Protein chains: 2
Amino acid sequence: MPRPTPGFQIEAASEDKRDDAPDIRVDPLDSPLAAGSLFESLRRDLIDGHFVAGEKLVISVLKDRYRVGLSPLREALNRLAAYGLLEQTHQRGFRVPALMQDDLEEIAKMRLELECMALRRAMERGDTEWESRLLAAVHRLRRAEANQLPLHEWEVLHRAFHRTLISPCGSRWLLRFIDQLHDQFDRYRRQAPTNAKIRSRRDDQHYQLAALSIERDQSAAITLMEDHIRFSFEVALAAVNPAVTPD
Amino acid sequence: MPRPTPGFQIEAASEDKRDDAPDIRVDPLDSPLAAGSLFESLRRDLIDGHFVAGEKLVISVLKDRYRVGLSPLREALNRLAAYGLLEQTHQRGFRVPALMQDDLEEIAKMRLELECMALRRAMERGDTEWESRLLAAVHRLRRAEANQLPLHEWEVLHRAFHRTLISPCGSRWLLRFIDQLHDQFDRYRRQAPTNAKIRSRRDDQHYQLAALSIERDQSAAITLMEDHIRFSFEVALAAVNPAVTPD
DNA sequence: CGAATACAGAAAATCGATTTTTTACAAAAA
DNA sequence: TTTTTGTAAAAAATCGATTTTCTGTATTCG
């Protein structure tokens, strides 16, 4: 059964005046991209934890909730399954993957390998334009933290920062795999609690990552990237093992 | 427009007696897994090159060709797009990605990184059971080559060998990404010509790979894996640049 | 004569209904 | 009481029709 999160406040009630539902990103009824935008909506809701891990997704319920027809909905679910954010079993529908410590460890390990590889290449290939965009991205991210912007804004900027950092790595496949792993990782991280200490350390790491990368200090940047991912992993662990929130 | 390959000998003519069409792997009409098996059929036909690279896939044509309804077909296409074997543009359907040298280079580079990583881990973790399965796999593969089994049989055994080689690497994501890259790579390789010399060298490499991996000779095995992928890359290059078939 | 526009045909995307399969529950038998 | 079997409800999967969007062509206007 879906969790009663603020993301789903559309009830069967009033059919008009949807503009005041800030948590729903796209109104599929007005948009001609039902299947495509639905994929994005579902993707985000899955990562945000708006569904209980392990939960079975009942098509007819989703259909009502997102106000779309059967075909675009099933197409979006199929894409999500191919992407790894859903599991599909023949004749018994779609299921949200459970959260398991083994999985999280594996995902973190892969992130470590791939993101360090990407960062190394990015430092070799990045130009002034990249350096500029990176500085801009880290600045936006830190301001969002300092100014206590809503969590969602921060998440968007955080993802943008990491993407910018490795964007000149030269491999679309590498970027694609890392994106996929980030989505998987964030399912855990978003479930884990944070505190000021965690956020502050993370904030520093982001800034230092940008600085060292621009300076082309390869070994220091790579080491920091490893630290950053390991630290995020420690934090995310609390999603599967609530005892171990680090401070 | 689809190429007139033997895979598609079903014309609009006789509506009965489909059993004599050996190249169609599953008859979706008899199977209750239309969408799932259709994904596999399309995946294989895409890798086999039964579609022209860059070609636009017309839904209604595919519908007739594979004899399925619109919904399972579109679901399969969506999954293939998420998987990277098709490109989707909103409101203008699905397209087979073009073959480009840049892409091939990138794919080969990623294969090099990921498969070496996986092989290293597999050698650390593989047990006797793995060694046995690996010997069996390489034996089947070499016998298929020696006995001139049909190409398709060899392709299946070839894929099975590579999968077995790295199977104990301990990371589902790593295996998944490598599988995906193999599919991409094979789109090129299958288009490139081979000769006895190429096949013989490749055959040797497979045998040596198995032997060195079982002996746990890490550096030699990794070096050979690099050679193997580089060599396959050289061969596959002919798919985009017909002048350079190596001998 | 060239560019812009309107039209017609084709194709993609979506919808709602139908079919098939699974699941849950209850009744009967061991 | 427990297991088995039958039945009804629910859900998934598929189908064919409908709607929307695009594309190519021909016609009109500048």
Side-chain angles (χ1 to χ4, degrees), chain A residues 1-2 10 12 15 18 24 26-43 46 51-52 54-82 85-97, chain B residues 1-2 10 12 15 18 24 26-43 46 51-52 54-82 85-97:
Chain A
M1 206 198 301
I10 293 187
E15 286 295 317
R18 311 244 146 263
I24 295 290
V26 233
D27 188 348
L29 288 182
D30 296 347
S31 160
L33 316 106
S37 65
L38 190 54
F39 175 86
E40 286 303 331
S41 298
L42 277 163
R43 172 173 161 275
L46 282 163
F51 298 95
V52 175
E55 168 187 13
K56 181 180 169 189
L57 297 180
V58 180
I59 306 252
S60 58
V61 173
L62 292 181
K63 186 172 149 296
D64 295 343
R65 174 161 301 153
Y66 289 91
R67 296 156 174 264
V68 289
L70 228 49
S71 310
L73 176 58
R74 287 192 57 88
E75 288 178 20
L77 293 177
N78 272 278
R79 285 170 64 173
L80 286 163
L85 277 175
L86 286 179
E87 291 166 349
Q88 184 171 22
T89 320
H90 176 61
Q91 299 287 30
R92 63 196 65 173
F94 297 85
R95 179 169 292 279
V96 182
Chain B
M1 205 199 300
I10 293 186
E15 284 297 316
R18 311 248 144 256
I24 296 290
V26 234
D27 189 347
L29 289 181
D30 296 346
S31 160
L33 316 106
S37 65
L38 190 54
F39 175 86
E40 286 304 329
S41 297
L42 278 163
R43 172 174 162 273
L46 282 164
F51 298 94
V52 175
E55 166 187 13
K56 181 182 168 186
L57 296 181
V58 180
I59 305 253
S60 58
V61 173
L62 292 181
K63 187 171 148 297
D64 296 343
R65 175 162 301 153
Y66 289 91
R67 310 178 154 242
V68 288
L70 227 52
S71 311
L73 176 59
R74 288 191 58 88
E75 288 179 19
L77 293 177
N78 272 278
R79 285 170 64 173
L80 285 162
L85 277 174
L86 287 179
E87 290 166 350
Q88 185 172 21
T89 321
H90 178 63
Q91 299 288 28
R92 64 194 63 172
F94 297 86
R95 181 168 292 279
V96 182

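The sequence lines fix the lettering, A, B, ..., with proteins before strands; numbering per chain opens at 1. The structure displayed is predicted, hence computed values, not measured ones.
- Rounded to whole angstrom, the span from the CZ atom of F39(B) across to the C1' atom of dA13(D) amounts to 18 Å.
- Going from atom CD of E75(A) over to atom P of dC15(C) covers 11 Å, rounded to whole Å.
- Without hydrogens or angle criteria, E75(A) side chain to P72(A) main chain gives no donor-acceptor distance under 3.5 Å.
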Tabulate protein N/O versus nucleotide N/O from nucleotides 10-12 of chain D, keeping only pairs under 3.5 Å, one per line.
{"unit_1": "dA12(D)", "atom_1": "OP1", "unit_2": "L57(A)", "atom_2": "O", "d": "3.2"}
{"unit_1": "dA12(D)", "atom_1": "OP2", "unit_2": "I59(A)", "atom_2": "N", "d": "3.0"}

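- Taking CG from L42(B) and CZ from R79(B), the interatomic distance works out to 11.0 Å, rounded to the nearest 0.5 Å.
- Here the shortest heavy-atom pairing between G54(B) and R95(B) reads O-NH1, 2.6 Å.
- For I59(B), the side-chain contact (heavy atoms from CB on, under 4.5 Å) partners are L70(B), L73(B), R74(B), L77(B), F94(B), not counting sequence neighbours.
- Rounded to whole angstrom, the span from the CG atom of L62(A) across to the P atom of dA13(D) amounts to 13 Å.
- Pairing each heavy atom of E87(B) with each of P97(B), the nearest pair is OE2-CB, 3.7 Å.
- One interatomic measurement links the two molecules: CG of N78(A) to C1' of dA13(C), which rounds to 15 Å at whole-angstrom precision.
- Rounded to an integer number of Å, the gap from CG of L70(B) to P of dT18(D) is 14 Å.
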Go through it in stages, so that I can follow the logic: the residues are V96(B) and V52(B), the test is side-chain contact (heavy atoms from CB on, under 4.5 Å), and I'd like the CA-CA distance, side-chain angles, deciding distance and then a yes or no. CA-CA 7 Å; V96(B) 182; V52(B) 175; over 6 Å; no
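- When the P atom of dA13(D) is taken as reference, atom CG of L73(B) falls 16 Å away, rounded to whole Å.
- As rounded to whole Å, 9 Å separates atom P of dA17(D) from atom NZ of K63(B).
- Nearest nucleotide to the side chain of S71(B), out of dT14(C), dC15(D), dA13(D): dC15(D).
- Residue R79(A) contributes atom CZ, which lies 10 Å from atom P of dA13(C) at whole-angstrom precision.
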